[in-house]
Amino acid sequence: AASVVDKGQLFFVGLMARQVFLFDNLDLGMYVYPMAYVAFVLLLPMETRPVWVLLLGLLTGVVVDAATGSAGLNTIAMLATAFLRRPVMTAVAGKDSVGEGGIPCSDKIGTGKFFRYAAFMAGIHCIIYFGFETLTMKYIYLTLIRTALSWAVTVGLVWLTQYLFAGFFGAGSTRNA
């Protein structure tokens with residue numbers, strides 16, 4: 001049986017491969033950029049120490065940037081997402097749920113709470129990513145459209161990934177919401 005760390009490493013490699021080899025090569029037009037890799041940080045166990053969340057967010061961003069040539073955009077957005085993870089999770093799921101630990105999936109914290117958590121965190125990530133990508137107000141309407149469409153796809157990918165992640169680790173058997 002593989003340890004939790006081995007499973008986590010395998011899951012990280014799987015998410016990065018899915019992002020780099022599948023989603024980055026899909027031609028969904030200029031307005032949709034699926035960011036499946038965000039799920040890695042969002043689905044870390046709730047008891048993961050903040051310093052590890054930041055380091056893993058940094059690693060995730062650097063790996064995606066290196067593979068896609070995005071010059072630090074993913075790293076900037078992932079670090080902000082990792083930094084805000086704990087306060088957003090606590091605000092959405094409640095301090096008691098976060099204190100219990102486990103994978104923050106819909107089976108653990110409830111469907112509505114997980115959706116709000118994933119949607120808010122994906123929103124933060126997309127706003128920062130596309131804001132830094134354009135760095136101008138000249139095409140703000142295009143940036144907003146791109147952010148909204150990419151956000152919707154990313155939330156859907158996080159939603160689907162949480163089922164795989166929770167099943168992979170055997171988490172999510174207790175519902176608290």
Side-chain angles (χ1 to χ4, degrees), residues 2-26 28 32-90 92-93 98 101-106 108-109 114-115 117-133 146-147 149-169 171-172:
S3 72
V4 172
V5 174
D6 292 340
K7 286 182 178 182
Q9 291 169 345
L10 184 61
F11 195 75
F12 176 79
V13 169
L15 274 177
M16 294 306 104
R18 186 173 76 166
Q19 181 67 43
V20 171
F21 297 116
L22 176 62
F23 294 121
D24 286 346
N25 290 311
L26 286 178
L28 299 175
V32 179
Y33 177 52
M35 300 181 191
Y37 62 91
V38 174
F40 180 72
V41 168
L42 298 186
L43 297 173
L44 287 171
M46 291 184 276
E47 64 272 12
T48 305
R49 294 174 51 113
V51 69
W52 282 108
V53 174
L54 284 170
L55 289 172
L56 291 169
L58 175 67
L59 176 66
T60 303
V62 168
V63 167
V64 175
D65 280 334
T68 62
S70 11
L73 290 173
N74 294 292
T75 301
I76 292 167
M78 279 307 300
L79 280 172
T81 303
F83 180 77
L84 294 170
R85 178 182 180 262
R86 170 78 77 180
V88 169
M89 189 185 319
T90 301
V92 172
V98 173
I103 305 296
C105 60
S106 60
K108 178 72 176 168
I109 64 174
F114 179 78
F115 179 79
Y117 164 66
F120 193 82
M121 294 304 294
I124 289 168
H125 187 82
C126 289
I127 288 167
I128 292 170
Y129 181 90
F130 291 112
F132 274 97
E133 182 183 54
R146 195 160 184 220
T147 301
L149 292 174
S150 296
W151 168 81
V153 170
T154 299
V155 170
L157 290 171
V158 170
W159 185 266
L160 293 173
T161 302
Q162 61 123 358
Y163 289 110
L164 173 64
F165 196 77
F168 192 68
F169 283 94

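If you're wondering where the values come from, they're calculated on a predicted model, not measured in any experiment.
Cys126 contributes atom SG, which lies 4.5 Å from atom CE of Met35 (distance to the nearest 0.5 angstrom). Here CG of Leu44 is found 14.0 Å from CZ of Arg49. Values are rounded to the nearest 0.5 Å. Between the OG1 atom of Thr48 and the CZ atom of Arg86 there is a distance of 8.0 Å, given to the nearest 0.5 Å. Rounding to the nearest 0.5 angstrom, the gap separating the OG1 atom in Thr81 from the CD1 atom in Ile76 is 11.5 Å. To the nearest 0.5 angstrom, Leu79 atom CG is 10.5 Å from Phe83 atom CZ. One finds the CG atom of Leu43 at 11.0 Å from the CE atom of Met121 (value rounded to the nearest 0.5 Å).
Smallest separation of non-hydrogen atoms from Ser106 and Gln162: N-OE1, 2.8 Å. Residues Thr68 and Ser70 approach most closely at OG1-OG, 2.6 Å, considering heavy atoms. Here the closest heavy-atom approach between residue Gly61 and residue Thr75 is recorded as C-OG1, 3.1 Å. The two residues Ala119 and Val155 make their nearest non-hydrogen contact at CA-CG2, 3.7 Å. Heavy atoms only, all atoms of each residue included: Ala82 and Gly57 are closest at CB-CA, 4.3 Å.
Ring-plane geometry between Phe114 and Trp159 is classed as tilted, the angle between the planes lying from 30 to 60 degrees on a 0 to 90 degree scale. Relative ring orientation between Tyr129 and His125 is described as parallel, the plane-to-plane angle staying below 30° on a 0-90° scale split at 30° and 60°.
With hydrogens and angles disregarded, a donor-acceptor distance shorter than 3.5 Å links the side chain of Tyr117 to the backbone of Leu42. In this structure, the side chain of Thr147 does not engage the main chain of Ile127 through any donor-acceptor pair within 3.5 Å. Between the Arg85 side chain and the Val41 main chain, a donor and an acceptor come within less than 3.5 Å of each other. With hydrogens and angles disregarded, no donor-acceptor distance shorter than 3.5 Å links the side chain of Glu133 to the backbone of Leu73.
No side-chain heavy atom of Pro87 sits less than 4.5 Å from a side-chain heavy atom of Thr90. Side-chain contact between Val38 and Met78 is present, with at least one heavy-atom pair separated by less than 4.5 Å.
A side chain to side chain donor-acceptor pair (under 3.5 Å) with Tyr37 is found for exactly one of Asn74, Thr154, Thr60, Thr161, namely Asn74.
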